[in-house]
A.B. asks: 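Below you'll find the structure I mean.
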Amino acid sequence: LHCRRVARAKMAGQAPRATKAMAKAVGRRLGKDGKAAAKRRAGPPKRKFTGKSTVTADGVTAIDRKFTDLEAWRARRKGEQPPPGGWPKPPKHWPPGVRVDIGRPVSWLPPGWGQGVKTTCVTRLQCYISPEGGCYYHKHVVAQVSGQDLSKIQRSAAESLAWAKKRAQIAIAEGKYFGRQVPKPGRDERLFATLEKHERPFLPKSADDLYFAVVSARRADDEAGLRNICLVEAALRCSGATPVWYVDAASFASYKALGLKAKIGGKLVPARNMALRDAAKLRKPCVQVSDDIQRWDYFVGDLSKARDIFAGNDAAKNSQRVRISPVGAARYLLAKLRATAHGAERGAPAPRLAGVFPLGNLGQAFCNQSVSYDNFILGDFFVADVSPVRFDPRLVLKEDYDYTCSHLAKHGMVLRCNRMIITAIHERNAGGACSVRDSSGNRERQMIKVLQEKWP
């Protein structure tokens, strides 16, 4: 009978009513603490809503307002964590029960006004404090009190950037994304399960066995760049790595102020070579990471080469997308790399460079074998085992093409995992190689000419 009632309640979109016998049984089984936990999970009790405000025993005010989204109801009551060092101290003229809001400032707030959050409300209630200490909650009221046309007020770009830098400092100190979200760990165990038996002994134990370098420049003075910096830093730290940021001299102070472990590496190619040298001194493989990668994925599916693009698209649709961590991706690539080198006979080609599929086209990825040994290795994310090969300082673009060719010439092969794909922002974000390219494409054609002369 109870099961039928539950089924009917679910179909009607209502919470099921338990019988008295069931309630007594649940009460005996859960006890006092269990009852409280079950009540919290169930959400607020079903009752009539008065629309009036109520005050709890702790002095917190809540409005008895009807709602339809239970998850949103819970999210509004989830306490916001203070930043490292605690909440900023409010100005003396602010009323009690209000803290400083560290979220994005509204663009229309008049000069001299402050933006805060009520601490006496059960939910996150934003408020605006006048120079006289008055507390207001709505834009039209602020306009009336201030006597200003708020549509004509706009925050300057410098003010917006200053807030973005403070927000990035908080996020980096917490090891979180720019919006203070906690990074989700990758499903690395699912990735490692795809390693073959002879490859698993070569899997590094942790991130400490590798050297992680992020090559970056001119990203810390732009909000979009700051968001990407926080994302890459949080993704690496969440998976156990402490990356070193190799930046140009002009950007060093901005990166250092964010709380990053930064180092002056010069322009792109000198920074890449410095990272390789630093890793070699520690006798560790060098993992170089682009500063605008959004996610790392591995596609579990057919390992063979599809006969054409249509079969490749079908294979991609039937594959399982596994989100992985950057450290897990690097450990996986190094395991395959060293297993291949170990299996090679003395004097035979043995790879020292491993990378990911360079495009986001899954159909094209499945038109290749799962692993190839003579293809281009993308510079955005690669693992280089200890090797004398370095980047050519003559190249300011296309340097990863030359680096791949140099490894092929020196070691006879490279290793590319064609089922591992990164998602990155290219050609539209400020800074990095985008600031080196010209709209006419002349610089890129010059670099291609150098490559053709060096590798005919």
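Quick caveat, the model's predicted, so the values are computed rather than measured.
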A.B. asks: Tell me if a side-chain donor or acceptor on Glu174 pairs with a main-chain N or O of Ile172 at a distance below 3.5 Å.
C.D. replies: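 Side chain of Glu174 to backbone of Ile172, a donor-acceptor pair under 3.5 Å: no, none is there.
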A.B. asks: Of all the heavy-atom pairs spanning Asp248 and Arg218, show the shortest one and how long it is.
C.D. replies: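 In terms of heavy atoms, the two residues are closest at OD2-NH1, 3.7 Å.
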A.B. asks: Is the backbone of Phe357 close enough, under 3.5 Å, to the side chain of Arg416 for a donor and an acceptor to pair up by distance?
C.D. replies: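 No: the side chain of Arg416 does not pair with the backbone of Phe357.
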A.B. asks: Compare all side-chain heavy atoms of Ile421 with those of Val356 and state whether any distance is below 4.5 angstrom.
C.D. replies: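 In short, these two side chains do not touch, never coming nearer than 4.5 Å.
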A.B. asks: Determine all donor-acceptor pairs shorter than 3.5 Å in which one atom belongs to a side chain in residues 406-415; sequence neighbours excluded.
C.D. replies:
unit_1: Ser406; atom_1: OG; unit_2: Asp402; atom_2: O; d: 3.0
unit_1: His407; atom_1: NE2; unit_2: Tyr403; atom_2: OH; d: 3.2
unit_1: His411; atom_1: NE2; unit_2: Ser387; atom_2: OG; d: 2.8

A.B. asks: Would the distance check show the side chain of Arg321 and the main-chain N or O of Phe299 forming a donor-acceptor pair, the cut-off being under 3.5 Å?
C.D. replies: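 Checked: no pair found.
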A.B. asks: Is a donor on one side and an acceptor on the other found under 3.5 Å between the side chain of Glu453 and the backbone of Val450?
C.D. replies: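 No, the answer is negative, given that no donor and acceptor are paired below the 3.5 Å cut-off.
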A.B. asks: Evaluate Glu223 against Trp163 for side-chain hydrogen bond (donor to acceptor under 3.5 Å, both in side chains), listing each step before the verdict.
C.D. replies: CA-CA 9 Å; Glu223 182 174 332; Trp163 172 82; over 6 Å; no
A.B. asks: Dump the intermediate steps for side chain to side chain contact (heavy atoms under 4.5 Å, CB included) on Leu303 and Val371, then the final yes or no.
C.D. replies: CA-CA 8 Å; Leu303 301 180; Val371 176; over 6 Å; no
A.B. asks: Side chains of Asp302 and Ser319: any donor to acceptor distance under 3.5 Å?
C.D. replies: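 On atom types as modelled, these side chains do not qualify, holding no pair under 3.5 Å.
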A.B. asks: What is the distance from atom CG of Leu210 to atom CG of Leu334, rounded to the nearest 0.5 Å?
C.D. replies: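 Rounded to the nearest 0.5 Å, the CG-CG separation comes to 5.5 Å.
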A.B. asks: State, without any angle test, whether Ser216 and Tyr246 hold a side-chain donor-acceptor pair at a distance under 3.5 Å.
C.D. replies: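 On atom types as modelled, these side chains do not qualify, holding no pair under 3.5 Å.
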A.B. asks: Could you tell me whether Asp221 and Lys165 have a side-chain N and a carboxylate O separated by less than 4.0 Å?
C.D. replies: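 Between Lys165 and Asp221 there is a salt bridge, with a charged N closer than 4.0 Å to a carboxylate O.
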A.B. asks: How many angstroms lie between CG in Leu337 and CZ in Phe382, if you round to the nearest 0.5 Å?
C.D. replies: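 Spacing of CG (Leu337) from CZ (Phe382) equals 12.0 Å.
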A.B. asks: Given 3.5 Å as the limit, does a donor-acceptor pair link the side chain of Thr123 with the main chain of Leu125, or not?
C.D. replies: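 No, because the side chain of Thr123 does not come within donor-acceptor range (under 3.5 Å) of the backbone of Leu125.
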A.B. asks: Using ring centroids (six-membered ring only for Trp), state whether Phe192 and Tyr332 fall under 6.0 Å.
C.D. replies: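 They do not qualify: ring centres at least 6.0 Å apart.
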A.B. asks: Taking side chain as C-beta onward, heavy atoms only, is Asp292 less than 4.5 Å from Arg219?
C.D. replies: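 Contact flag for Asp292/Arg219 side chains = yes.
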A.B. asks: Is any side-chain heavy atom of Val214 closer than 4.5 Å to one of Val244?
C.D. replies: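 Heavy-atom side-chain distance check fails, nothing below 4.5 Å.
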A.B. asks: Is Arg99 salt-bridged to Glu80, cutoff N-O under 4.0 Å?
C.D. replies: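 Yes, charged N to carboxylate O under 4.0 Å.
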A.B. asks: Closest approach of Gln115 and Arg104, non-hydrogen atoms and distance?
C.D. replies: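 Distance-wise, the nearest heavy atoms are NE2-O, 3.2 Å.
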A.B. asks: Show your reasoning for whether salt bridge (charged side-chain N to carboxylate O under 4.0 Å, His left out) applies to Asp278 and Lys263.
C.D. replies: CA-CA 11 Å; Asp278 290 347; Lys263 189 173 184 177; 2.7 Å; yes
A.B. asks: In the structure I gave you, are the side-chain heavy atoms of Arg352 and Val389 within less than 4.5 Å of one another anywhere?
C.D. replies: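 They are not in contact (no side-chain heavy atoms under 4.5 Å apart), so the answer is no.
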A.B. asks: Do any N or O atoms from the side chain of Gln288 and from the backbone of Ala275 form a donor-acceptor pair under 3.5 angstrom?
C.D. replies: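 Looks like no, no N/O pair under 3.5 Å.
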A.B. asks: Could you state the interatomic distance from CG (Leu362) to SG (Cys367), rounded to the nearest 0.5 Å?
C.D. replies: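 Atom-to-atom, Leu362:CG and Cys367:SG are 11.0 Å apart.
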A.B. asks: Between Cys405 and Lys454, is there a side-chain heavy-atom distance shorter than 4.5 Å?
C.D. replies: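 No, side chains not in contact.
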A.B. asks: Apply the test side chain to side chain contact (heavy atoms under 4.5 Å, CB included) to residues Ile102 and Trp87: give CA-CA distance (whole Å), side-chain angles for both, the deciding distance (0.1 Å), then the verdict.
C.D. replies: CA-CA 8 Å; Ile102 62 173; Trp87 298 112; 3.8 Å; yes
A.B. asks: Where the side chain of Ser156 meets the backbone of Glu159, is there a donor-acceptor pair that is under 3.5 Å apart?
C.D. replies: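 Answer holds: yes.
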A.B. asks: Stepwise, does the side-chain hydrogen bond (donor to acceptor under 3.5 Å, both in side chains) test hold for Ser370 with Asn418?
C.D. replies: CA-CA 5 Å; Ser370 62; Asn418 295 315; over 6 Å; no
A.B. asks: On the ring face of Tyr298, is Arg419 found with NZ or CZ under 6.0 Å from the centre and within 45° of the axis?
C.D. replies: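 Pair Arg419/Tyr298 does not count as cation-pi.
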A.B. asks: Quick one: closest heavy-atom pair of Thr404 and Leu353, and the distance?
C.D. replies: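 In terms of heavy atoms, the two residues are closest at CA-CD2, 4.4 Å.
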A.B. asks: Just verifying a value: how many Å separate Lys281 NZ and Tyr211 OH, rounded to the nearest 0.5 Å?
C.D. replies: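 Going from the NZ atom of Lys281 to the OH atom of Tyr211 covers 9.5 Å.
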A.B. asks: Tell me if the NZ atom of Lys267 is crowded by more than 12 foreign heavy atoms within 6.0 Å.
C.D. replies: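 For Lys267, atom NZ is not crowded (no more than 12 foreign heavy atoms under 6.0 Å).
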A.B. asks: Could you go through Arg323 and Asp188, starting from their C-alpha distance and side-chain angles, then the distance that decides it, and tell me whether this counts as salt bridge (charged side-chain N to carboxylate O under 4.0 Å, His left out)?
C.D. replies: CA-CA 8 Å; Arg323 186 163 189 168; Asp188 294 343; over 6 Å; no
A.B. asks: The test is side chain to side chain contact (heavy atoms under 4.5 Å, CB included); show your working for Lys305 and Asn368 and say whether it passes.
C.D. replies: CA-CA 5 Å; Lys305 179 179 179 180; Asn368 293 269; 5.5 Å; no
A.B. asks: Looking at Pro82, Pro84, Cys230, which hits side-chain contact (heavy atoms from CB on, under 4.5 Å) with Ile170?
C.D. replies: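 That would be Pro84; it is the only one of Pro82, Pro84, Cys230 passing the side-chain contact (heavy atoms from CB on, under 4.5 Å) with Ile170.
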A.B. asks: Hey, can you tell me if Trp245 and Tyr255 have their rings parallel, tilted or perpendicular (30° and 60° cut-offs)?
C.D. replies: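 Trp245 and Tyr255: tilted rings.
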A.B. asks: Check this for me: does any side-chain nitrogen of one of Arg295 and Asp297 sit under 4.0 Å from a carboxylate oxygen of the other?
C.D. replies: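 A salt bridge is present here (some side-chain N lies under 4.0 Å from a carboxylate O).
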A.B. asks: Can you name the closest pair of heavy atoms from Tyr137 and Tyr128 and give their distance?
C.D. replies: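 Closest pair (atom of Tyr137, atom of Tyr128, distance): O-CE1, 3.8 Å.
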A.B. asks: Short question: side chain of Ser325, backbone of Gly328 - any donor-acceptor pair under 3.5 Å?
C.D. replies: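 Indeed, once roles are kept as given, a pair shorter than 3.5 Å links the two residues.
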A.B. asks: To the nearest 0.5 angstrom, please state how far the CZ atom of Phe212 sits from the OG1 atom of Thr242.
C.D. replies: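 Output value for this atom pair is 10.0 Å.
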A.B. asks: Answer yes when Arg338 and Asp385 have at least one side-chain N-carboxylate O distance shorter than 4.0 Å, and no when they do not.
C.D. replies: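 Salt bridge: yes.
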A.B. asks: Counting only heavy atoms not in His198 (residues, nucleotides, ligands), do more than 12 fall under 6.0 Å from its NE2?
C.D. replies: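 Enclosed.
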A.B. asks: Which pair of heavy atoms, one from Leu276 and one from Ala384, lies closest together, and at what distance?
C.D. replies: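 Closest heavy-atom pair between Leu276 and Ala384: CD2-CB, 4.0 Å.
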A.B. asks: Testing the basics here: between Asp291 and Asn228, what is the closest heavy-atom pair and its distance to 0.1 Å?
C.D. replies: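 Heavy-atom minimum between the residues: O-CB, 3.4 Å.
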A.B. asks: Compare all side-chain heavy atoms of Asn273 with those of Pro270 and state whether any distance is below 4.5 angstrom.
C.D. replies: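 They are not in side-chain contact.
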A.B. asks: Can you tell me how far CD of Gln446 sits from NZ of Lys398, rounded to the nearest 0.5 angstrom?
C.D. replies: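 Those atoms lie 13.5 Å apart.
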A.B. asks: Hey, does the side chain of Arg190 reach the backbone of Val322 with a donor-acceptor pair shorter than 3.5 angstrom?
C.D. replies: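 Flag not set: sc Arg190 to bb Val322 has no pair under 3.5 Å.
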A.B. asks: Do Arg187 and Ile324 have side chains that get closer than 4.5 Å, going by heavy atoms?
C.D. replies: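 Side-chain contact under 4.5 Å: no.
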A.B. asks: Under the side chain to side chain contact (heavy atoms under 4.5 Å, CB included) rule, what do Ile153 and Leu109 come out as? Steps first, then yes or no, please.
C.D. replies: CA-CA 7 Å; Ile153 299 176; Leu109 201 63; over 6 Å; no
A.B. asks: Does any non-hydrogen side-chain atom of Val386 lie less than 4.5 Å from one of Lys284?
C.D. replies: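 A side-chain contact is absent here, since even the closest heavy-atom pair is not under 4.5 Å.
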A.B. asks: Kindly say whether Ala257 contributes a backbone atom to a donor-acceptor pair with the side chain of Gln169 at under 3.5 angstrom?
C.D. replies: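 Yes, Gln169 side chain to Ala257 backbone: donor-acceptor pair under 3.5 Å.
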